Amino acid sequence: MSGISYDLKEKVVVVTGGSRGIGLELARHFLAAGARVVICGRKEANLAAAVETLGGGERLLAIPAHVAREGDVENLFDTAVHRFGGLDILINNVGMNLLTASVTDSDLAVWNKIIEGNLTGAFLCSRKAARILREKKRGKIVNISSLAGTKASPGMGIYGIAKAGLEMLTKVLACELAPFNIQVNAIAPGVVRTDFSKPFWSTPAIHDQIVKAVPAGRIAEIADLVPIVLLLASGHADYITGQTLLVDGGASVI
Ligand SMILES: NC(=O)c1ccc[n+]([C@@H]2O[C@H](COP(=O)([O-])OP(=O)(O)OC[C@H]3O[C@@H](n4cnc5c(N)ncnc54)[C@H](OP(=O)(O)O)[C@@H]3O)[C@@H](O)[C@H]2O)c1
């Protein structure tokens, strides 16, 4: 990514679910761009490992928080503001429980858990972030959705419904926050090589079947997403809002 300046120096960025996978790499690249980064996750051990991987330092803060718990979310953002003096960017990256029974065979507890993790958490974090960002009349929110929010996929029904909700949240917040010069966008990747999607890429037969439906001829690597998220979080995206950008190697067009 050398040669492109995203002008993120000293920006304060909260990356939810920053302890591994896509969130961890986003945190790494925001730090490399000079930003001050706050990561959160539920498990302290994962956060400690992430801090070690990222090399620690004064521009990194790791706070345990479950994004669907109001108290945790309040503490996450209040601590970020207290420590770094403000907030500029929120990346709603948390997502969980990809594979489940069909919607008709799922019980309410499963439904609630998946909606909480993939949608309610983004609502709570966005609401809190917006209340801070509105004051300074500038800010960015980037949501990590999924191709499953556009295409109905067997076994991913509730997850896809939650991600479709996240994409509508993106549009609604974009309208509500435009008067405050806050842009809200999302990316929707297809399968990305992380632990979360291991069931899809670790078995050669399943991997090959997925790749057949991707014009680019491969699944995504995290590196395919990072520059797009940094772009949407930067001042280069001041005139883009309410959009979900499919980062899927063309899988959605065939
Ligand atoms: N990987 C893919 O193929 C793919 C494709 C399309 C979209 N996405 C989306 O990309 C995002 C990141 O995925 P990933 O593959 O990087 O996932 P991942 O490797 O499973 O990482 C998820 C992160 O979120 C944290 N987390 C989970 N639930 C949380 C909660 N309720 N509150 C706070 N933190 C929580 C996890 O830490 P703890 O477990 O310690 O809480 C971890 O840091 C998700 O929104 C996912 O839906 C992924």
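What you see is a predicted model; the values in this text were computed from it and never measured. Atoms within a ligand are numbered from 1 in the order they appear, just like the ligands themselves.
Considering only residues two or more places apart in sequence or on other chains, T170 meets the side-chain hydrogen bond (donor to acceptor under 3.5 Å, both in side chains) condition with N143.
When the options L26, L47, T194 are ranked by their closest heavy atom to atom 1 (N) of ligand 1, first place goes to T194. With distances taken over non-hydrogen atoms, the option nearest atom 7 (C) of ligand 1 out of G95, A148, S145, P64 is S145. Remark: among candidates R69, R20, E44, the nearest residue to atom 22 (C) of ligand 1 is R20, based on non-hydrogen atoms. In this comparison of V94, V73, L166, the heavy atom closest to atom 34 (N) of ligand 1 sits on V94.
With no hydrogens or angles considered, no side-chain donor-acceptor pair links N185 and T244 at under 3.5 Å. With 3.5 Å as the limit, one finds no donor-acceptor pair spanning the side chains of N118 and E116.
For ligand 1, the atoms sitting less than 4.0 Å from at least one non-hydrogen atom of K163 are 44 (C), 45 (O), 46 (C), 47 (O), numbered in the order shown with element in parentheses. With ligand atoms numbered from 1 in the order given, ligand 1 contributes 32 (N), 33 (C) to contacts under 4.0 Å with heavy atoms of A65. Atoms of ligand 1 found under 4.0 Å from any heavy atom of N93, numbered from 1 in the order shown, are 11 (C), 12 (C), 44 (C), 45 (O). Every atom of ligand 1 with a heavy atom of G21 under 4.0 Å away is listed here by number and element: 16 (O), 19 (O). Residue Y159 has at least one heavy-atom neighbour below 4.0 Å for each of these atoms of ligand 1: 7 (C), 8 (N), 9 (C), 46 (C), 47 (O). Every atom of ligand 1 is numbered from 1 in the order shown, and the set under 4.0 Å from a heavy atom of G190 is 3 (O), 5 (C), 6 (C). In the vicinity of V191, heavy-atom distances shorter than 4.0 Å reach the ligand 1 atoms 3 (O). Counting the atoms of ligand 1 from 1 in the order shown, those under 4.0 Å from a heavy atom of N46 are 38 (P), 39 (O), 40 (O).
Under a 4.0 angstrom heavy-atom cut-off, P189 registers as being in contact with ligand 1.
Between D238 and R138 a salt bridge is recorded (basic side-chain N to carboxylate O distance below 4.0 Å). Looking at K136 and D88, a side-chain N of the basic residue comes within less than 4.0 Å of a carboxylate O on the acidic one, giving a salt bridge.
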